[in-house]
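The chains referred to below are lettered A, B, ... by the order of the sequence lines, with proteins before strands, and numbering in each begins at 1. The basis for the numbers below is simple: all heavy atoms, side chains too, and nothing from hydrogens, waters or symmetry mates.
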Number of protein chains: 2
Amino acid sequence: MTSAASRKGGRARDERLERDIPEATIARLPVYLRALTALSERDVVTASSEELASAAGVNSAKLRKDLSYLGTYGTRGVGYDVNYLRYQIAREIGLTQDWSVVIVGIGNLGHALANYAGFASRGFQVAGLVDNDPARVGEKVGDLTISSFDDIDAIVSNAAVSIGVIATPASAAQDVCDRLVAAGVSSVLNFAPAVLTVPDYVDVRKVDLSIELQILAYHEQRKANGAAELRASLA
Amino acid sequence: MTSAASRKGGRARDERLERDIPEATIARLPVYLRALTALSERDVVTASSEELASAAGVNSAKLRKDLSYLGTYGTRGVGYDVNYLRYQIAREIGLTQDWSVVIVGIGNLGHALANYAGFASRGFQVAGLVDNDPARVGEKVGDLTISSFDDIDAIVSNAAVSIGVIATPASAAQDVCDRLVAAGVSSVLNFAPAVLTVPDYVDVRKVDLSIELQILAYHEQRKANGAAELRASLA
DNA sequence: AAGAGTTTGTGAACGGGAGAACAAAATCGC
DNA sequence: GCGATTTTGTTCTCCCGTTCACAAACTCTT
């Protein structure tokens with residue numbers, strides 16, 4: 001932080017100490033936000049790093065360090081003001097504004113995503129649903145109507161969509177991704193089990209259900225083997 | 001590897017060099033597996049680390065190091081035998097055996113998971129669907145019938161379920177998790193936006209859709225701010 | 001059979017994040 | 001007003017994971 005300040009030599013807007021917040025921290029901010037929201041709903045006014053950390057499922061030192069990247073929002077001897085900190089984190093993540101997303105691929109998963117309440121409640125608005133299957137185009141899901149691939153451009157530009165969600169089969173994912181990027185999307189959340197190639201300025205995050213299960217299976221197997229070895233060594 | 005061998009002093013089963021494979025590597029093995037499967041389907045017999053890495057979306061040095069934890073399966077000057085390596089990875093992850101999973105919470109997401117083809121194709125068998133809502137119990141999803149919470153014990157023990165998938169609202173997640181663990185489940189995949197507390201021997205992995213979107217939103221905001229700052233500094 | 005050309009496996013350097021520990025800063029009790 | 005107490009913000013150390021770079025090992029050509 002001092003480096004940024006000294007480099008620019010005390011520029012006017014430097015109280016807003018231009019950060020580079022570690023990725024690992026960013027990934028935890030939404031968790032803290034959720035914990036704070038829960039506390040706020042129970043009318044808790046103040047929380048210590050210890051309390052917050054336990055609600056978020058992390059270590060308190062880590063939480064304090066994470067928050068220190070955002071600024072000095074706590075009070076020593078007291079803790080953090082729940083609502084104030086909540087607002088600061090929301091602002092930092094960018095949740096004080098609304099984001100439009102388009103969902104491509106309205107199969108089982110796409111349906112679930114389209115109806116997912118967690119989106120709207122956090123400032124994410126589904127601006128369009130798109131599917132390749134002519135039989136599905138025109139179908140209503142919630143209060144939205146499924147459009148065809150060809151409408152991607154119009155949807156993205158009309159609703160200023162910057163985030164695309166891909167819930168298609170793997171075979172279609174790269175093509176869909178290319179179209180989204182061409183239409184102006186610069187962040188992609190990919191549920192398809194495929195590796196996507198995108199320009200540098202585009203962010204991609206991947207969620208892969210079967211990979212998660214495979215990781216669990218590996219550990220299960222290890223547990224089982226460990227137990228078997230233990231039995232063998234006792235025999 | 002030498003440390004393990006020397007420590008135990010050349011024990012009988014030590015060719016099976018008892019590993020501790022880094023978590024980061026384990027998380028990538030399923031990706032390699034998928035890439036290998038794709039190559040195999042195109043009848044590719046051999047692949048270099050460079051080819052495999054690009055198919056998997058990683059750096060070739062990382063891929064080689066990852067594979068070296070499993071054993072010496074490549075041939076210098078040649079590359080890796082696709083099918084052989086595929087089998088070795090599958091065995092390592094534990095995919096040469098079948099795994100039974102139970103899905104709890106058959107809302108939109110639960111439905112999608114129950115119908116997800118990627119499970120069956122990788123040796124994961126859905127042994128039961130469970131929901132709390134009496135109106136849903138008895139309903140058929142695919143060729144399975146939804147059971148009530150009270151049947152969790154029976155399902156888990158009858159089908160030797162070791163993995164539980166939680167797709168309930170956050171408010172129910174901890175209770176469901178406790179029941180699963182009590183029934184004998186020792187790995188949990190949690191889709192509910194809640195922090196779960198479990199005994200040490202239980203593994204939990206969490207998938208949180210709205211967190212992924214929030215991370216993307218943060219980066220979007222940064223991109224937008226960066227562009228705005230750039231414009232300002234040029235003006 | 002020997003040299004040229006590939007490609008793996010790994011040692012070593014590097015960077016980032018986690019956790020312990022403590023000094024600084026605030027409140028509270030008297 | 002002052003010492004005791006609480007709790008933050010931060011420094012320091014350690015560990016894990018990534019990447020580089022190269023020697024070892026294999027094939028192919030002549």
Test item: side-chain donor near acceptor, Asn108(B) and Tyr116(A), under 3.5 Å: no
Send over the distance from Arg76(A) CZ to dC22(C) P, rounded to a whole Å. 16 Å
Distance test, side-chain N/O of Tyr80(B) to OP1/OP2 of dG9(C), below 4.0 Å: yes
Under 4.0 angstrom, heavy atoms only, what part of the nucleic acid is Glu23(B) near: base, sugar-phosphate, or nothing? sugar-phosphate
Of all the choices, dT18(D), dT27(D), dT10(D), which nucleotide is nearest to the side chain of Val78(B) once you look at every atom? dT27(D)
Closest-nucleotide mapping onto DNA chain C: is Thr75(A) or Arg64(A) further toward the 5' terminus? I mean the 5' end. Arg64(A)
Run the salt-bridge test on Asp81(A) and Arg86(A) with the 4.0 Å N-O cut-off and return the result as yes or no. no
Output yes when Arg179(B) and Asp175(B) qualify as a salt bridge under the 4.0 Å nitrogen-oxygen rule, no when they do not. yes
Which is true for Thr72(A) with a 4.0 Å heavy-atom rule: it touches a base, it touches only sugar-phosphate, or it touches nothing? sugar-phosphate
Please state whether the phosphate of dT8(C), meaning OP1 or OP2, lies under 4.0 angstrom from any side-chain nitrogen or oxygen of Ser49(B). yes
side-chain N/O Lys65(B) vs dT10(C) OP1/OP2, d < 4.0 Å: no
Expressed as a whole number of angstroms, how long is the span from Asn59(B):CG to dC20(D):P? 6 Å
